Chemist: 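Before anything else, here's the structure in question.
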Amino acid sequence: MAFPQLLPSPSSPYLTHHKNPTLNLSFSPSNFTSTPLPLPHHHRRHHRQRKLTSTATVHCQSEKHETNIPPQNDVVELPLFPLPLVLFPGAILPLQIFEYRYRIMMHTLLQTDLRFGVIYTDATTGTADVGCVGEVVKHERLVDDRFFIICKGQERFRVTRIVRTKPYLVAEVVWLEDRPSGNGEEDLEGLASEVESHMKDVIRLSNRLNGKPEKEAGDLRRNLFPTPFSFFVGSTFEGAPREQQALLELEDTMVRLKREKETLRNTLNYLSAASAVKDVFPSSSS
């Protein structure tokens, strides 16, 4: 099941370069698998570049996501893999590694702790300074020394200093955690429930516009606490990596959920209008 275009918050600084400020959001509630939709023209460059390094499908784990995050002030060295996509904690990312320097990195990782940093980069904004650790959970070495790996998003980090750039990028990083929200856990739970409700409405209207049955979506949270649920929601905004990056960088769960709620609400307004047009002009619904 896939979501249609999403209309993000007009205040998003990551959307100022787009002529058509819409996002693609894709989601399969049965197994929390995000399947990318056909991208609008202004996203196709990112999609072509992504094919060079990744299978580009993000899967979000359905179990309750809890990671053992090191103390926030710890500074560690981490190999970095710049990609035109954003990895969120709890998400699953398959990658095909064929570039020589990253094959070297893989050989090193397989002899150490299997962890590297996925960090967003594009030609317009450059390389971000906040990313997410990817831990290799499965790998296959192919006959030509390429690797197929599956990694899971762990803790977020901020780059503080570049240690070296060859043969691959290595940086000193500090760990990021969401700060406690001032309004308490009860308000967070209520906000997360509102976001889930908006997601269900988007699925229902999207199905209607696509001529599919308007059946009620199931439990989208799958026992996720508000913080990992906010990361899951962000991982479904696959068509707009700059907006995803903005969500990843936020250090307040409530602020992240509010931003996602606004995006979903704007999308619902768009879908409602499109649905009304379809009712009046059925032949133009394609």
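These figures come from a predicted structure and were not determined experimentally. Values below: all heavy atoms of this structure, side chains included; hydrogens, waters and symmetry mates excluded.
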Chemist: Do Leu95 and Phe147 touch side chain to side chain, with heavy atoms closer than 4.5 Å?
Modeler: no
Chemist: Excluding sequence neighbours, so at least two apart, what forms ring pair (Phe, Tyr, Trp, His ring centres under 6.0 Å) with His139?
Modeler: none
Chemist: Could you please spell out the steps behind the salt bridge (Lys or Arg N to Asp or Glu O under 4.0 Å) verdict for Lys258 and Asp252?
Modeler: CA-CA 10 Å; Lys258 284 181 177 179; Asp252 188 312; over 6 Å; no
Chemist: Can you confirm whether Asp122 sits close enough to Pro84 that some side-chain heavy atom of one is under 4.5 Å from a side-chain heavy atom of the other?
Modeler: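 No, their side chains stay 4.5 Å or more apart.
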Chemist: Considering residues at least two apart in sequence or located in another chain, which fulfil the ring pair (Phe, Tyr, Trp, His ring centres under 6.0 Å) criterion with Tyr102?
Modeler: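 Only Phe81 meet the ring pair (Phe, Tyr, Trp, His ring centres under 6.0 Å) criterion with Tyr102.
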Chemist: Using side-chain heavy atoms (C-beta onward) and a distance below 4.5 Å, is Pro79 in contact with Thr108?
Modeler: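 SC-SC contact between Pro79 and Thr108 ruled out.
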Chemist: Looking only at atom types and distance, does a side-chain atom of Asn210 sit under 3.5 Å from a main-chain N or O of Lys212, one as donor and one as acceptor?
Modeler: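 A pair under 3.5 Å: no.
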Chemist: Measuring only between side-chain heavy atoms, which start at C-beta, is Pro89 closer than 4.5 Å to Val133?
Modeler: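 With C-beta onward as the side chain, the pair stays apart.
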Chemist: Less than 4.5 Å apart, side chain to side chain, heavy atoms only: is that true for Leu264 and Leu268?
Modeler: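 SC-SC contact between Leu264 and Leu268 ruled out.
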Chemist: If the condition is salt bridge (charged side-chain N to carboxylate O under 4.0 Å, His left out), which residues does Asp129 pass it with, not counting sequence neighbours?
Modeler: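 Here the qualifying residues are Arg158.
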Chemist: Go through the structure and list residues passing salt bridge (charged side-chain N to carboxylate O under 4.0 Å, His left out) with Glu172, not counting sequence neighbours.
Modeler: Arg161
Chemist: Would you say the side chain of His107 lies within less than 4.5 Å of the side chain of Arg141, judging by non-hydrogen atoms?
Modeler: yes
Chemist: Considering residues at least two apart in sequence or located in another chain, which fulfil the side-chain hydrogen bond (donor to acceptor under 3.5 Å, both in side chains) criterion with Thr127?
Modeler: Thr121
Chemist: With Thr165, which residues qualify under side-chain contact (heavy atoms from CB on, under 4.5 Å), at least two apart?
Modeler: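 If we apply the side-chain contact (heavy atoms from CB on, under 4.5 Å) test to Thr165, skipping adjacent residues, the hits are Ile162, Leu169.
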Chemist: Arg156 side chain to Phe88 main-chain N or O, any donor-acceptor pair under 3.5 Å?
Modeler: no
Chemist: Report the residues that fulfil salt bridge (charged side-chain N to carboxylate O under 4.0 Å, His left out) with Arg103, sequence neighbours left out, ordered by chain and then residue number.
Modeler: Asp145
Chemist: Is Leu142 linked to Met106 within one hydrophobic cluster, defined over Ile, Leu, Val, Met, Phe, Trp and Tyr using a side-chain heavy-atom separation of less than 4.5 Å?
Modeler: no
Chemist: So Phe116 and Val136, do their side chains get closer than 4.5 Å, heavy atoms only?
Modeler: yes
Chemist: Using atom types as modelled, flag every donor-acceptor pair under 3.5 Å from a side chain in residues 224-234 to any protein atom, sequence neighbours excluded.
Modeler:
{"unit_1": "Thr227", "atom_1": "OG1", "unit_2": "Thr253", "atom_2": "OG1", "d": "2.6"}
{"unit_1": "Ser230", "atom_1": "OG", "unit_2": "Thr227", "atom_2": "O", "d": "2.6"}
{"unit_1": "Ser230", "atom_1": "OG", "unit_2": "Arg256", "atom_2": "NH1", "d": "3.0"}

Chemist: Output all residues satisfying side-chain hydrogen bond (donor to acceptor under 3.5 Å, both in side chains) with Arg164, sequence neighbours left out; order by chain, then residue number.
Modeler: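 None.
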Chemist: When rounded to the nearest 0.5 angstrom, what is the spacing between CG in Leu87 and CD in Gln154?
Modeler: 9.0 Å
Chemist: What residues, two or more places apart in sequence or in another chain, satisfy side-chain contact (heavy atoms from CB on, under 4.5 Å) together with Ile104?
Modeler: Tyr100, Pro167, Tyr168
Chemist: I'd like to check the salt bridge (charged side-chain N to carboxylate O under 4.0 Å, His left out) partners of Glu194; sequence neighbours left out, ordered by chain and number.
Modeler: Lys261
Chemist: Any side-chain heavy-atom pair from Val130 and Phe157 closer than 4.5 angstrom?
Modeler: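 Counting from C-beta outward, Val130 and Phe157 never come under 4.5 Å.
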Chemist: If the condition is side-chain hydrogen bond (donor to acceptor under 3.5 Å, both in side chains), which residues does Asp144 pass it with, not counting sequence neighbours?
Modeler: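 Residues passing side-chain hydrogen bond (donor to acceptor under 3.5 Å, both in side chains) with Asp144: Arg146.
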Chemist: Identify whether the distance between the nearest side-chain nitrogen and carboxylate oxygen of Arg204 and Asp201 falls below 4.0 Å.
Modeler: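 Yes.
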